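In the text below, chain A, chain B and the rest are named by the order of the sequence lines, each starting its count at 1. Just so you know, these numbers come straight off a predicted model, no measurement behind them.
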There are 2 protein chains.
Amino acid sequence: MDRDDGRARRPTISDIAALAGVSKASVSKSVNGQSGVSESTRRRVLEVAERLGWRPSARAVALTRGGSGAVGFLINRSPDLLSSDPYFVDLLSGIERALTEQGYWLLLQIGHHATEESERAAYADLAGSQRVDGVFLTETRLGDPRFDTVRALGLPAVVVSKPWARTDLPWVGSANPGGGIEDAVLHLARLGHRKVAYVTGPQDRSHVLYRTEAFLAAVADHGLSVVGMPRTDFSPDAGARATLELLDQRERPSAIVYDNDVMAVAGSQAASGRGLSTPHDLSVVGHDDISMSRWLTPALTTVRQDVIELGQMCARRLLLELGVPDPGDGWQSLPDPTLVVRGSTGPAPTS
Amino acid sequence: MDRDDGRARRPTISDIAALAGVSKASVSKSVNGQSGVSESTRRRVLEVAERLGWRPSARAVALTRGGSGAVGFLINRSPDLLSSDPYFVDLLSGIERALTEQGYWLLLQIGHHATEESERAAYADLAGSQRVDGVFLTETRLGDPRFDTVRALGLPAVVVSKPWARTDLPWVGSANPGGGIEDAVLHLARLGHRKVAYVTGPQDRSHVLYRTEAFLAAVADHGLSVVGMPRTDFSPDAGARATLELLDQRERPSAIVYDNDVMAVAGSQAASGRGLSTPHDLSVVGHDDISMSRWLTPALTTVRQDVIELGQMCARRLLLELGVPDPGDGWQSLPDPTLVVRGSTGPAPTS
DNA sequence: TCACGTGTTCGAAACGGTTTCGGAGGGAAG
DNA sequence: CTTCCCTCCGAAACCGTTTCGAACACGTGA
């Protein structure tokens with residue numbers, strides 16, 4: 001039988017059952033590898049299914065089994081801040097790899113939630129309509145309302161990277177998220193720098209808090225002084241602006257640590273507009289190690305973290321939460337971020 | 001009634017019906033805004049639904065209505081080539097924006113399909129299980145098997161960017177995908193360059209074919225000569241290698257056009273290792289205009305295209321295909337890519 | 001008063017699977 | 001030849017919604 005638009009009607013389990021001369025129950029058991037059917041019956045059923053190109057409708061399966069086979073990932077960022085940052089793409093890649101291995105799918109939303117209420121509504125919609133079995137929570141903030149949201153919804157969730165606020169939700173990430181920053185400060189101290197600055201982001205983000213904490217602690221440890229810690233929105237323009245402000249201060253830093261590579265490059269460029277060259281007059285450290293970093297002139301000293309691995313671990317952790325028997329090995333320990341030393345850092349200028 | 005794990009059982013339409021003292025049918029009509037219920041009944045139902053926090057299960061709705069409310073996007077690239085390229089993130093952002101407006105969701109898979117068969121299986125799985133109502137086809141190739149795949153599956157699809165091969169599938173993109181390359185060659189010709197090269201990608205990609213065609217046509221138009229057209233995998237390392245090979249030739253180019261910005265930067269860096277500085281000894285043109293481009297030293301001359309807009313248009317086109325009445329205005333014409341002139345191109349060296 | 005629309009409501013049948021449970025059949029043990 | 005057990009299979013219930021057709025109440029015009 002054909003539909004009016006000419007496309008053939010999809011076969012259903014009943015068609016397969018009829019053609020194979022068995023009941024729907026037997027077909028179901030056959031394709032799901034359950035016991036209760038003889039090997040010959042199973043073969044016959046599978047052969048018919050293959051011939052007709054039939055596979056169970058995910059919709060019907062989701063309805064009966066109470067699981068959609070998909071998890072959700074809601075990104076709350078404006079597009080221009082997304083594309084300059086390799087973080088999300090790498091995270092997605094890692095997540096996907098682990099999910100695909102287990103036959104799960106990823107429901108993605110890139111949102112631009114102006115208000116917390118709108119963000120909450122997005123999660124409520126996703127969970128309430130039972131479209132996904134669980135979600136990732138990324139870029140957690142201080143007093144993040146999503147912790148309560150997912151709990152209220154009874155929605156399994158995994159936090160990506162160590163959250164600053166205490167929560168009973170499982171999280172996956174390196175134990176010391178500020179490790180790379182510590183290394184960076186140590187590196188600068190050894191190069192003889194005494195006055196340093198840190199160009200960072202909104203002060204309610206968990207990762208910003210951890211890195212700031214690490215920066216301040218390391219600075220204190222090595223007897224350096226902080227001459228500025230401007231906040232930006234992570235955009236290169238903001239990075240350049242912050243750099244110029246730092247350089248116009250009475251106490252000018254001889255080295256600046258940035259919260260991402262793009263700001264570091266923009267900052268370095270802005271400094272050269274003031275006649276300060278990197279690394280001779282100003283040392284610069286980035287964060288993320290984007291693929292271009294080693295091809296710049298000078299190549300960028302930066303902090304690297306294996307975000308793809310992070311994504312994989314998070315996905316496995318979430319699958320575990322969903323009751324997948326063995327989502328893959330190891331989601332326990334992620335190595336701390338490490339410093340990659342290249343040409344953008346050098347000895348402090350002798351004033 | 002609670003489940004054994006302590007989480008409250010989700011209310012169903014029956015619960016709402018019982019509490020509101022009406023039938024399931026009336027509840028359904030009430031929440032879907034259909035006629036056939038009195039205003040007072042509708043209010044009562046909605047009030048109860050609100051109080052219990054109930055919303056229809058997307059699973060059950062998908063089963064009865066025959067539409068999942070989601071579309072699929074399968075990306076076939078290795079992760080390291082993804083994160084250096086802003087293209088997919090921007091495309092995703094645009095797609096999401098248009099989808100979210102209409103209440104549709106995006107199912108994403110980042111695959112690493114070694115074989116065409118594996119790629120075909122991914123689409124078959126997605127369509128066969130009826131998880132999505134339609135898909136995007138991106139990075140189409142010459143003789144792309146996916147055209148046949150989606151037709152055989154009866155899966156609505158929209159091609160992202162003009163395909164090289166003829167197909168009856170709808171596509172969305174600029175009419176002249178090589179427009180930016182034409183401009184670039186013209187720009188170089190005016191600067192006095194005579195020997196140029198083009199570092200590009202696998203020769204079966206539609207966009208590579210269009211750009212190559214545009215490059216060759218423009219070069220012929222302006223009487224330049226092509227001294228090399230190496231193929232790469234789009235990675236910075238490959239870009240650097242290709243550059244060195246070009247520079248080691250007997251006929252050395254004075255300007256090189258690259259198929260993306262990362263290769264352009266790597267190429268420029270590689271050239272400086274040979275003692276050739278940009279733009280004095282070698283002019284360099286990139287493609288994509290990543291956000292860092294204008295912050296480099298020298299800033300990168302490159303080709304820009306509004307990929308976010310492209311994504312939005314593609315999504316609207318697909319929604320139209322799915323029968324969404326008015327997915328949003330304008331998906332007809334996307335402007336051609338344009339050249340952004342910055343510091344990495346200059347007058348040809350006088351030999 | 002009766003027949004007749006009109007608008008509201010409800011019960012029941014899909015939708016396409018999974019799962020439970022009881023029965024049929026066959027072989028081995030007594 | 002029973003009896004028992006085990007395997008294989010199918011009927012039926014169920015998941016949570018939409019939709020279809022019938023029933024019902026009510027006001028209206030003849």
Side-chain angles (χ1 to χ4, degrees), chain A residues 1 3 8-46 48-49 52-69 103 125 127-133 323, chain B residues 1 3 8-46 48-49 52-69 103 125 127-131 133:
Chain A
M1 180 168 65
R3 292 205 308 224
R9 187 179 63 86
R10 290 174 43 82
T12 73
I13 196 174
S14 303
D15 300 328
I16 308 300
L19 250 80
V22 296
S23 71
K24 296 196 302 175
S26 298
V27 175
S28 175
K29 287 173 195 160
S30 296
V31 299
N32 292 319
Q34 291 176 2
S35 62
V37 280
S38 67
E39 200 45 46
S40 68
T41 307
R42 184 187 305 272
R43 262 204 309 278
R44 188 153 37 96
V45 168
L46 292 181
V48 172
L52 267 66
W54 174 83
R55 69 193 67 200
S57 153
R59 299 167 183 172
V61 173
L63 184 57
T64 56
R65 273 223 270 256
S68 63
D125 192 16
S129 66
Q130 297 194 292
R131 229 173 252 281
V132 298
D133 303 333
Chain B
M1 180 167 65
R3 291 206 308 225
R9 187 179 64 86
R10 289 174 45 82
T12 74
I13 196 174
S14 303
D15 300 327
I16 308 299
L19 250 79
V22 296
S23 72
K24 296 194 300 176
S26 299
V27 176
S28 176
K29 284 177 189 157
S30 296
V31 297
N32 292 320
Q34 293 176 2
S35 64
V37 281
S38 67
E39 200 45 47
S40 67
T41 306
R42 185 188 304 272
R43 261 205 309 278
R44 188 153 34 95
V45 167
L46 291 182
V48 172
L52 268 66
W54 173 83
R55 69 192 67 201
S57 153
R59 299 168 183 173
V61 173
L63 183 58
T64 56
R65 273 223 271 256
S68 63
D125 190 17
S129 65
Q130 298 193 290
R131 230 173 251 280
D133 303 333

Between the first and last five pairs of the helix from C:dT1-D:dA30 to C:dG30-D:dC1, the angle of the axes, rounded to 10 degrees
60°

Any pair counted as salt bridge (Lys or Arg N to Asp or Glu O under 4.0 Å), so long as it reaches residues 19-38 of chain A, sequence neighbours left out
none

Does anyone know the first and last nucleotide of DNA chain D in reach of chain B, 5' to 3', at under 4.0 angstrom to a heavy atom?
D:dG16 to D:dT19

In plain terms, say whether A:Arg55 and B:Asp125 are close enough for a salt bridge, that is, a side-chain N and a carboxylate O under 4.0 Å apart.
yes

Of all the heavy-atom pairs spanning B:Ala49 and B:Ile16, show the shortest one and how long it is.
CA-CD1, 4.1 Å

Can you give me the closest heavy-atom contact between A:Ser38 and A:Thr41, atom names plus distance?
OG-OG1, 2.7 Å

Using salt bridge (charged side-chain N to carboxylate O under 4.0 Å, His left out) as the criterion, list what pairs up with B:Arg59, not counting sequence neighbours.
A:Asp133

Close side-chain approach of B:Val45 and B:Arg42, heavy atoms under 4.5 Å:
no

Does anything in residues 52-65 of chain B reach DNA chain C, meaning a heavy atom under 4.0 Å, and if so which residues?
B:Leu63, B:Thr64

Grab the CZ-C1' distance between A:Arg10 and C:dG16 for me, whole Å please.
10 Å

So, OP1 or OP2 of C:dT19: does either fall under 4.0 Å of a side-chain N or O from A:Gln34?
yes

Between A:Arg10 and B:Gly128 (side chain of the first, backbone of the second, donor and acceptor by atom type, cut-off under 3.5 Å), is there such a pair?
yes

Under 4.5 Å between any side-chain heavy atoms of B:Trp54 and B:Leu19, yes or no?
no

Whether each nucleotide of nucleotides 6-13 of chain C has a protein heavy atom under 4.0 Å at its base (B), only at its sugar-phosphate (S) or at neither (-) is summarised, 5' to 3', as --SBBB--

For A:Val61, run the side chain to side chain contact (heavy atoms under 4.5 Å, CB included) check against A:Ser28, A:Pro56, A:Ser68 and tell me which one passes.
A:Pro56

Under 3.5 Å donor-acceptor, A:Ser30 side chain and A:Ser26 backbone:
yes

